[in-house]
Amino acid sequence: MTDRNLALFERAQAAIPGGVNSPVRAFRAVGGTPRFIRRAQGAYLWDANDKRYIDYIGSWGPMILGHGHPAVLDAVLKAAADGFSFGAPTEREIELAEAIIAQVPGVEQVRLVSSGTEAGMSALRLARGFTGRSKFIKFEGCYHGHADALLVKAGSGLATFGHPTSAGVPAEVVQHTLVLPYNDVAALEAAFAAHGREIACVMVEPIAGNMNFVRASLSFMSAMRRLCTENGALLVFDEVMTGFRVALGGAASVYAKALPGFRPDVFVFGKVIGGGMPLAAFGGSREVMAQLAPLGPVYQAGTLSGNPVATACGLATLNQICQPGYFEALATKTRSLVDGLVSAAREAGIPMVGDSEGGMFGFFFADALPQNYGVVMATDKARFNAFFHGMLDRGVYLAPALYEAGFVSSAHTADDISATVAAAREVLAALPR
Ligand code: KE4
């Protein structure tokens with residue numbers, strides 16, 4: 001029988017670089033043929049061979065309700081019938097902004113944009129404009145989109161400036177970017193000691209989903225907050241992945257529970273707030289946001305920013321996840337998946353650790369939860385890749401890279417979780433020791 005995924009992949013590679021419109025989709029980290037998705041519904045995807053998968057990617061986070069939620073579909077169809085895009089303000093942009101503000105303490109105003117990259121890039125420009133400073137800190141293993149200044153790997157020394165991770169990014173563009181190890185308080189202290197009053201911001205993934213699933217320790221989070229405050233720098237939370245995904249108030253609300261009074265200065269959102277449509281945002285206090293054009297000197301713009309169909313999709317999604325008990329149920333379901341995977345690995349005598357918060361999870365073929373990028377990348381890649389393909393063959397679609405997080409939706413049922421754990425038990429039992 002023809003493998004239509006393979007045929008489509010070959011055809012795609014003739015017309016699109018690497019056959020994909022975003023590199024991780026090409027399966028290069030895990031090998032094999034990417035699955036071309038024909039349709040999705042609820043917790044499931046169907047590929048070009050009409051094979052069904054339980055979906056744990058959820059479009060890399062947005063599909064928190066699962067695919068094709070009736071209330072969201074209805075809202076999108078109604079909005080589309082009223083017009084796709086106007087290039088003029090609409091009431092629904094106000095409603096979505098108000099819905100975000102209502103759930104995230106510290107956000108008094110938001111600006112809507114079309115991608116997480118655009119939101120992260122704009123948040124960095126805003127922090128630089130607000131402080132009048134050029135330098136900023138990011139962390140190894142954190143991804144904030146592909147804006148030039150953010151495509152940086154660590155420099156040779158802890159407090160030296162970064163080097164581009166991508167061709168086409170001139171060294172001058174990243175000369176102000178300091179890349180430090182995640183969860184390393186000493187490195188953070190040293191960087192502020194060396195450059196404190198020159199630092200515009202610290203940009204961080206509070207739970208790093210681009211390293212699979214690594215939490216910022218409480219001491220690290222406290223140090224970031226303290227050092228930013230002491231030095232007049234802004235703490236920028238990149239919640240593109242964690243926002244409205246790990247909790248209704250995002251990771252900021254998780255850390256505020258553990259660190260009373262904790263609050264970042266600037267927030268970056270994406271994924272869930274668009275419900276699968278191109279929509280992202282950044283926000284903060286009125287004082288900081290007043291720097292943005294047309295009010296202030298920091299320019300930022302977008303033809304499709306606040307797009308009326310995308311805002312309808314995002315708003316309908318947020319209206320569902322705000323329901324009482326939604327996140328408690330999602331968190332319980334997600335935790336049961338992780339616990340099931342870890343216990344299946346233990347039965348097979350294979351080291352596996354996992355963690356989850358809300359509807360986001362990660363697991364590692366390791367003895368302990370990694371605390372930084374180097375440890376994540378040292379986990380057993382061969383074992384992960386064999387597990388990934390074993391699960392894919394059994395109709396379970398996990399993230400195709402050991403450094404990516406996974407996502408559970410409210411459409412996943414207890415039977416889906418049980419079937420996933422049963423598949424994992426089979427695959428793990430067959431893995432070489
Ligand atoms: P986008 O430009 O892809 O919408 O968002 C960039 C971004 C910013 N910040 C964080 C924390 C992110 O996770 C992302 C994008 N996440 C990846 C998944 N690791 C999207 C998948 C992809 O690149 O195709």
Side-chain angles (χ1 to χ4, degrees), residues 12 16-30 34-35 37 55-64 111-125 136 138-152 165-166 182 201-216 236-246 250-252 264 266-283 300 302 304-305 307 310 313-314 357-362 373 376-377 397-407:
I16 302 168
V20 293
N21 287 307
S22 200
V24 72
R25 303 176 189 173
F27 274 24
R28 290 199 169 222
V30 292
R35 298 313 191 254
I37 304 308
D55 177 17
Y56 289 107
I57 293 194
S59 178
W60 299 98
M63 307 319 293
I64 194 166
R111 171 62 56 85
L112 304 180
V113 295
S114 300
S115 74
T117 290
E118 199 181 348
M121 171 183 76
S122 306
L124 173 58
R125 186 181 309 134
F136 76 100
K138 76 173 290 291
F139 300 96
E140 199 171 29
C142 289
Y143 175 66
H144 305 294
H146 61 89
D148 280 359
L150 290 161
L151 289 180
V152 193
T165 53
S166 165
Y182 196 80
C201 70
V202 170
M203 186 177 280
V204 66
E205 284 189 68
I207 299 176
N210 288 284
M211 289 192 261
N212 190 325
F213 193 104
V214 180
R215 293 177 189 269
V236 180
F237 256 31
D238 181 344
E239 294 229 45
V240 166
M241 193 182 288
T242 53
F244 298 92
R245 169 54 77 167
V246 299
V266 175
F267 298 75
V268 185
F269 299 110
K271 297 181 192 277
V272 169
I273 68 164
M277 299 289 276
L279 192 147
F282 59 105
Q300 183 277 327
L304 298 179
S305 294
N307 174 272
C313 192
E357 188 70 40
M360 181 173 156
F361 71 93
Y373 180 69
V376 169
M377 296 313 284
Y397 199 129
L398 299 169
L402 65 78
Y403 48 79
E404 294 286 0
F407 305 94

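Indexing begins at 1, ligand by ligand and atom by atom, following the structure's order.
- Without hydrogens or angle criteria, Ser22 side chain to Arg25 main chain gives no donor-acceptor distance under 3.5 Å.
- Partners of Glu205 according to the side chain to side chain donor-acceptor pair (under 3.5 Å) rule, which considers only residues two or more places apart in sequence or in another chain, are Asn210.
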Pairs under 3.5 Å, N/O atoms on ligand 1 and on the protein: can you put them in a table with the distances?
unit_1, atom_1, unit_2, atom_2, d
ligand 1, 2 (O), Thr117, N, 2.8
ligand 1, 2 (O), Thr117, OG1, 2.7
ligand 1, 4 (O), Gly116, N, 2.9
ligand 1, 9 (N), Tyr143, O, 3.3
ligand 1, 9 (N), Asp238, OD1, 3.3
ligand 1, 9 (N), Asp238, OD2, 2.8
ligand 1, 13 (O), Asn210, ND2, 2.9
ligand 1, 16 (N), Lys271, NZ, 3.1
ligand 1, 19 (N), Asn210, OD1, 2.5
ligand 1, 19 (N), Glu404, OE1, 2.8
ligand 1, 19 (N), Glu404, OE2, 3.4
ligand 1, 23 (O), Ser22, OG, 3.4
ligand 1, 24 (O), Ser22, OG, 2.6

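- Residues Ile37 and Tyr397 have side chains in contact (heavy-atom distance under 4.5 Å, counting atoms from C-beta outward).
- The salt bridge (charged side-chain N to carboxylate O under 4.0 Å, His left out) search around Arg125 returns none, not counting sequence neighbours.
- In this structure Asp55 satisfies the side chain to side chain donor-acceptor pair (under 3.5 Å) test together with His67, sequence neighbours excluded.
- Side-chain atoms of Tyr56 never come within 3.5 Å of backbone atoms of Ala399 as a donor-acceptor pair (strictly under, hydrogens ignored).
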